[in-house]
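In listed order, ligands and their atoms are each counted from 1. Please read all numbers here as calculations on a predicted model, not as lab measurements. The first residue in the sequence is number 1, and the count goes up from there.
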Amino acid sequence: MQILGNTTLATMLPSTVSYGLVKNGAVALREGKIAWAGPETDLPASYADWPREDLGGRLITPALVDCHTHIVFGGNRAREFELRLEGASYEEVARAGGGIVSTVTATRAASEDELVSDALPRVDALLAEGVTTIEIKSGYGLDIETELRMLRAARRIGRERPVQVRTSFLGAHAVPAEYKNRADAYIDEICLPALTEAADEGLVDAVDGFCEGIAFNPAQIERVFKRAEILGLPVKLHAEQLSDLGGTALAARYGALSADHLEYLGADGIAAMAESGTVAVLLPGAFYTLRETQLPPVQALRDAGVPMAIATDCNPGSSPLTSLLLAMNMACTLFRMTPEEALAGATRIAAQALGLADAGTIEAGKRSDLAIWNVSEPAELAYRIGFNPLHKRIFAGTS
Ligand SMILES: [Zn+2]
């Protein structure tokens, strides 16, 4: 039992007040849950003898949720980054072993221990900024054994660090070299059996895919979604990142938790998302790294009432980013989201994108996952670049 007093609460509850702000607030924590939150003068008498910590006016927000990462992988792509900047062509990079193939090769060669120990420093960078929930995808194995190993490594991260891990099976991420031009056979022989095995082992919280010309078409993705449906697992999708193939509308038809990237999303897809309640996960780190120019349709999503989340998309190729605060800043600067939308997108809406009903806001009954910041107003979190004002992170009631 504990009271955190003399604080400003950005509850992030939908309200007429920006950020659901409560000045001179207090929050009571008990057994990993929020017991009470509100103005300190309204604190019920029954809490009077609880130990109280004075936070000196600091801001408390819900802990941050990174709802889209590929943080478990082997190797890195720094050399490829360097080659490109030295003027190498796409082909020369590929011939030097670059691209996603190099990550697949390095991931297949890594043991579960190596995958975990490589990922932990990246995870720690997120936790140092107040993150308490991380989604982690498979998708660099592209064979049954390595897809399962990635998911086991992801689950282990949740045991080795004070963080809640949610896993997504992403067998339909890319077609491996040995199945070149045989994407349907890959789905039949590797992706679907790996999904079923991983689900049987309790390794899968959601099922994801990459619907794109360079990956899988909507018909192939739909076969993966059908298997997810049989297994009782929710779906999400990388869609409309480089072209509009209608993946988002397909995902919405399957009641997807989220559709992610969305730079090329059109009006039909937006209407489908609004109808199904699918969250739009926007990934400014990939937009920045790939030097994209096509912006996601933020104003149209806003007009349609589609909730927008922000994530790092941490991965070795298109977004080697381990700062959710920087992703929030980029969402504002590059995508013209407001600082309030960015913070909601990294808390309440990010939790929604993972199907988590007990995280992302400060209210009685929610998990006591909180971030305490050395800032006086919440806009400062998205405003600063490369600065971490975290005072303390609380995970399940303990700091
Ligand atoms: Zn991704």
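The backbone N or O of L242 lies less than 3.5 Å from a partner atom in the side chain of E212, making a donor-acceptor pair.
The closest side-chain heavy-atom distance from T105 to T103 is not below 4.5 Å.
In summary, E147 and R152 do not engage in a salt bridge, as defined by a charged side-chain N under 4.0 Å from a carboxylate O. Ion pairing between R393 and E129 fails under the 4.0 Å rule for side-chain N and carboxylate O.
When each of V163, L390, L120 is checked for a side-chain contact (heavy atoms from CB on, under 4.5 Å) with L127, only V163 meets the rule.
Both the sub-6.0 Å distance and the 45° axial angle are satisfied by R122 relative to the ring of F73.
Inspection of the environment of the Zn ion (ligand 1) yields the following protein N, O or S atoms under 2.8 Å: H68 NE2, H70 NE2, H238 NE2, D313 OD1.
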